[in-house]
2 protein chains.
Amino acid sequence: MADIKPIGKALFLREEELRRGIELMFFAYRDFTGEADSILAEQNMGRAHHRAIYFIGRNPGITVSELLAILNITKQSLSRVLSALVETGHVEQHTGPEDRRQRLLYLTDAGATLESRLTAVQGRRFAKAYREAGMTAVEGFQRVLEGLLDAETRRQASETGRTRHPDHRGGE
Amino acid sequence: MADIKPIGKALFLREEELRRGIELMFFAYRDFTGEADSILAEQNMGRAHHRAIYFIGRNPGITVSELLAILNITKQSLSRVLSALVETGHVEQHTGPEDRRQRLLYLTDAGATLESRLTAVQGRRFAKAYREAGMTAVEGFQRVLEGLLDAETRRQASETGRTRHPDHRGGE
DNA sequence: AATTAAGGTCAACATGGCTGACATAAAACC
DNA sequence: GGTTTTATGTCAGCCATGTTGACCTTAATT
């Protein structure tokens with residue numbers, strides 16, 4: 001099975017090859033999110049809640065504006081989700097110490113627990129795919145996905161993960 | 001397992017590596033669909049319409065049930081979208097010649113035109129990403145995406161693209 | 001013929017995008 | 001220091017698209 005080489009070597013940009021990519025992308029994304037969606041449904045949440053929880057967990061103390069820049073949705077949409085998450089006790093908002101207009105966002109313990117659970121199922125799926133495909137494939141996978149990004153996203157993505165605020169939630 | 005060279009050095013399934021995959025998947029999918037979404041918005045359509053048009057184009061004469069199996073949504077959801085597409089003249093329904101309960105689906109010329117346009121922008125994005133990443137990377141990309149699929153999807157995916165009906169739309 | 005099953009549609013609900021209007025806090029102007 | 005402008009975030013209401021439930025039509029079973 002090692003010789004899957006869909007492309008003997010000739011041009012691999014033929015229509016069929018491209019359609020294969022388009023379709024794989026659709027199916028893979030759907031299945032990739034499917035398990036998490038089920039967990040979320042149990043809690044009466046949706047994908048939007050997941051994304052907020054995920055990136056708040058990644059960037060404790062992130063502001064609504066910063067989160068917006070990552071998610072690329074309107075602040076009104078995000079606001080609705082955040083209100084729900086605060087309501088259910090998964091997220092805490094603290095007024096910014098410097099700029100009191102800001103709400104710094106943190107996961108509560110419940111939020112962190114849910115985040116772990118969701119990331120765990122998605123991580124397991126990736127771990128399996130990565131393991132089966134092998135290291136070289138993983139590298140290629142990442143390379144192609146990066147190539148699919150908008151220039152703007154690529155710029156931002158390089159910043160994500162940088163803990164922007166040294167974290168101080170629950171400290172008190 | 002075929003003894004997969006331990007990545008340069010350590011295990012590569014660490015949390016950070018997995019999170020990178022999760023995040024790339026999110027951003028790439030969003031950007032990948034973004035351009036098509038804009039075109040669709042012009043026509044007062046959404047992603048659901050796109051998917052229907054895409055797979056009908058791929059499988060002329062497909063039945064609603066078969067399309068459902070590909071899309072994995074409820075038939076009620078699909079029905080709404082199909083009605084709209086028939087209404088706007090992008091899709092034609094022909095009663096099945098064998099089984100008169102069935103509606104065989106075909107793109108009209110307008111539908112085919114729109115499909116081409118949408119596939120073209122997504123194809124261009126893939127062509128660029130593939131070109132930049134190189135053949136080996138593309139192979140890895142496909143391998144990993146396949147690994148992310150549910151077993152069920154993988155089974156079905158191998159069938160997609162098989163022109164199931166020899167096409168006879170517009171034959172009259 | 002009567003029942004059961006399969007293919008589709010209609011209605012009503014929830015999620016999560018969107019835009020518009022707005023409150024509050026900070027910054028800029030003077 | 002008061003006024004205006006700008007930035008951050010919320011509330012309200014619309015639209016797209018997923019869901020379930022009720023239903024019609026046609027085919028298959030008996």
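No hydrogens, no waters, no symmetry mates; every other heavy atom, side chains included, goes into these values. Labels below follow one simple rule: chain letters A, B, ... track the order of the sequence lines, proteins then strands, and each chain is numbered from 1.
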> Please give, in whole Å, the distance from dA16(D) P to Asn44(B) CG?
Replying inline: 7 Å

>> I need the CG-C1' distance between Leu40(B) and dT17(D), as an integer number of Å.
In response: 13 Å

> dG18(D) phosphate, OP1 or OP2: any side-chain N/O from Thr74(B) under 4.0 angstrom?
Replying inline: no

> Given atom CZ of Arg100(A) and atom P of dA23(C), what is their separation to the nearest angstrom?
Replying inline: 18 Å

>> Check this for me: does any side-chain nitrogen of one of Glu146(A) and Arg143(A) sit under 4.0 Å from a carboxylate oxygen of the other?
In response: no

>> Can you measure Leu85(B) atom CG to dT9(C) atom P for me and round it to whole angstrom units?
In response: 12 Å

> In whole angstrom, what separates Leu67(A)'s CG from dT8(D)'s P?
Replying inline: 14 Å

> Going 5' to 3' along nucleotides 9-15 of chain D, which nucleotides have protein heavy atoms under 4.0 Å from the base (write B), which only from the sugar-phosphate (write S), and which from neither (write -)?
Replying inline: BBBBB--

> Whole Å only: how far is the CZ atom of Arg30(A) from the P atom of dT17(D)?
Replying inline: 17 Å

> Are Glu132(B) and Lys128(B) ion-paired here, with the side-chain N under 4.0 Å from a carboxylate O?
Replying inline: yes

> Between Leu71(A) (CG) and dC18(C) (C1'), how many Å, whole number?
Replying inline: 15 Å

> Lys75(A): what forms a side chain to side chain contact (heavy atoms under 4.5 Å, CB included) with it, not counting sequence neighbours?
Replying inline: Leu68(A)

> Between Tyr29(A) and Phe26(B), is the ring centre distance below 6.0 Å?
Replying inline: no

> Reckon Ser77(A) has a side-chain N or O less than 4.0 Å from the OP1 or OP2 of dC18(C)?
Replying inline: yes

> Is Arg124(B) salt-bridged to Glu35(B), going by a charged N under 4.0 Å from an acidic O?
Replying inline: no

> NA contact type, His50(A), heavy-atom cut-off 4.0 Å: base, sugar-phosphate, or nothing?
Replying inline: nothing

> Looking at His49(B), Glu115(B), Gln122(B), which one forms a side chain to side chain contact (heavy atoms under 4.5 Å, CB included) with Tyr54(B)?
Replying inline: Glu115(B)

>> My understanding is that only residues two or more places apart in sequence, or in another chain, count here; which of them pass side chain to side chain contact (heavy atoms under 4.5 Å, CB included) with Asp150(B)?
In response: Asp31(A), Arg125(A), Thr153(B)

> Separation of Arg47(B) atom CZ from dG17(C) atom P, in whole Å?
Replying inline: 10 Å

> Think His49(A) has a side-chain N or O under 4.0 angstrom from the OP1 or OP2 of dT15(C)?
Replying inline: no

> Toward the 5' end of DNA chain C, which comes first, Glu98(A) or Arg51(A), by nearest nucleotide?
Replying inline: Arg51(A)

